There are 2 protein chains.
Amino acid sequence: MSKTLTPRQREILKFISQHIDQHGFPPTRAELSKHFGFRSPNAAESHLRALDGKGVIQLERGRSRGISLTPLAGAHLPEPPRMELPLVGRVAAGSPVLAQENVEDALRVDPALFRPRPHYLLRVEGMSMRDAGILDGDLLAVHRTPEARDGQIVVARIEDEVTVKRFRRDGHRVQLLAENPDFAPIEVDLRHQALAIEGLGVGVIRHRLDA
Amino acid sequence: MSKTLTPRQREILKFISQHIDQHGFPPTRAELSKHFGFRSPNAAESHLRALDGKGVIQLERGRSRGISLTPLAGAHLPEPPRMELPLVGRVAAGSPVLAQENVEDALRVDPALFRPRPHYLLRVEGMSMRDAGILDGDLLAVHRTPEARDGQIVVARIEDEVTVKRFRRDGHRVQLLAENPDFAPIEVDLRHQALAIEGLGVGVIRHRLDA
DNA sequence: GCATTCACTGTATATATTTACAGTGAACCT
DNA sequence: AGGTTCACTGTAAATATATACAGTGAATGC
């Protein structure tokens, strides 16, 4: 649970981050004060203590420029072009796909490889998409969106179950098609059953080939 | 031409880099002196001036910890684990797979995702490996090695043609098997034909899914 | 044999930096 | 109306830090 920052604290944090980018080291209290127009270095000190208390920075006592950003800071900063994608394994029933408990790892794969840009990788279970070249254990790159068009490969949630299928819609009747003759299509009537599109499959990574 | 550093200067540079990694900011002269056992802060100062002069760091006068690494520093530091893999498209006849002319791009994919570690990505052409979930246009992560065992997916070169197939060997008779009944196995007699194993397929990346 | 470079010691000092303490005023909650 | 939080002012002082100047000794190049 990342505690929320005040708007002012966000500005301070942003400046610290920028200063590190530009100079290679964090600012002093005086430099912070100069930038924000504080007449007292204590204004900066107080902000730093607050940011430290909220866990987004870490202060080292007695050392000049003893400020470092913690991983928590990332959540409050205009995010730098991400180089990692979270890997989601089995999705616990009822939890959001990207809930902490579902995230197994972060893989260093450039999201720019895929279009549209994926938000996470989902480990595929089962062979229902075999003929689309998506096999058991493959990682599906998923772009989060609730919209899907006919023929797209979607990550869908039906009654708390998350599944990967090809999408087809006809009015309030939706078909989720497997790409494997051994699996029957799933038919959903939107008037009677809940169906949520979690996202679109935009790519596949297979990180082991069996002999 | 990056000027060469003395061994001692390399040590200093390495320590500065490590300090930044660990603390988020560069060391002071005193901290450098403490680490290296200097009894005078001027020993550190001199080293910093030298490193500045050689362009691997940049000093900001009058500011505590006013040290930043320049791009030149990278050449003198133990290189950070590579994050990119070259993408090889169509391989020109007779040229090494990784020849400049065959490399189309460098993709930011962590090689550590795959085992053993791949050396490049090869764009697969054709559907001969369809039933192994390797489709036309897929990128095959390839680990360079001339050794292959039965059942492994290999990148092979026969008479200047590069192809991806499943490997099977029986004495001096090698079979290269497609994973698609529409394609006949390729039979090679090592006594009469040249066969080179370029590498092993260790993973697949599909960066577009068609609707 | 002498100049040069490298890697330091030793001392000193101005100044950069952190950090404590004592307040103020506005906004918000109840 | 009173308490709390937020965002500051203002002052002071200890101490952390950069940096100048004057040396030493060993190794290297010519």
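None of the values given here were measured: they were computed from a predicted structure.
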Rounded interatomic separation in angstrom, taking CZ from A:Arg10 and P from D:dC6: 13 Å

Side chain to side chain donor-acceptor pair (under 3.5 Å), paired with A:Ser128, selected from A:Arg166, A:Glu179, A:Lys165: A:Lys165

For B:Leu51 and C:dA7, what is the distance between atoms CG and C1' respectively, to the nearest whole Å? 13 Å

Could you tell me how far apart A:Arg49 (CZ) and D:dC6 (C1') are, to the nearest whole angstrom? 16 Å

Heavy atoms only, 4.0 Å cut-off, all strands: where does B:Thr28 land among base, sugar-phosphate and nothing? sugar-phosphate

Please confirm whether the shortest side-chain N or O distance from A:Ser64 to OP1 or OP2 of D:dT17 is below 4.0 Å. yes

Look at the side-chain N and O atoms of A:Arg63 and state whether any lies under 4.0 Å from the OP1 or OP2 oxygen of D:dA16. no

Atom-pair distance (CZ on B:Arg29; P on C:dT9), nearest Å: 16 Å

Between P on D:dA18 and CG on B:Leu59, what's the gap in Å once rounded to a whole number? 10 Å

Can you label the angle between the A:Phe36 ring and the A:Phe38 ring as parallel, tilted or perpendicular, going by 30° and 60°? parallel

Between B:Ile12 and A:Gly66, whichever has its closest DNA chain C nucleotide further toward 5' is B:Ile12

Looking at every non-hydrogen atom in both residues, tell me the closest pair between A:Ile158 and A:Gln193 and how far apart they are. CG2-NE2, 4.2 Å

Whole-Å distance, B:Ile67 CD1 to D:dA16 P, equals 18 Å

Evaluate the side-chain proximity of B:Glu31 to A:Arg63: yes if any heavy-atom separation is below 4.5 Å, no if none is. yes

Is the phosphate of D:dC8, meaning OP1 or OP2, less than 4.0 Å from a side-chain N or O of A:Arg8? yes

Nucleotide nearest B:Gln9 (side chain, heavy atoms from C-beta), chosen from C:dA7, C:dT17, D:dT9: C:dA7

Identify which nucleotide among D:dC8, C:dT19, C:dC8 has an atom closest to any side-chain atom of A:Ala43, counting heavy atoms from C-beta outward. D:dC8

Quick check: do B:Ile20 and B:Phe25 have side-chain heavy atoms less than 4.5 Å from each other? no

Of all the nucleotides listed (C:dG10, C:dC8, C:dA7), which has the minimum atom distance to the side chain of B:Arg39? C:dG10

Just N and O in the side chain of A:His47: are any of them under 4.0 Å from OP1 or OP2 of D:dC8? yes

B:Thr6 side chain near C:dA7 phosphate (N/O to OP1/OP2, under 4.0 Å): yes

Integer-rounded Å distance: C:dT17 C1' and A:Glu60 CD: 15 Å

In terms of side-chain heavy atoms of B:Glu31, which of D:dT17, C:dC8, D:dT9 is nearest? D:dT17

Counting just side-chain N and O atoms, does B:Arg61 come under 4.0 Å of either OP1 or OP2 of D:dA20? no

Between B:Glu45 (CD) and D:dT17 (C1'), how many Å, whole number? 10 Å

State which of D:dC8, D:dT9, D:dA22 makes the closest approach to the side chain of B:Asn42. D:dA22

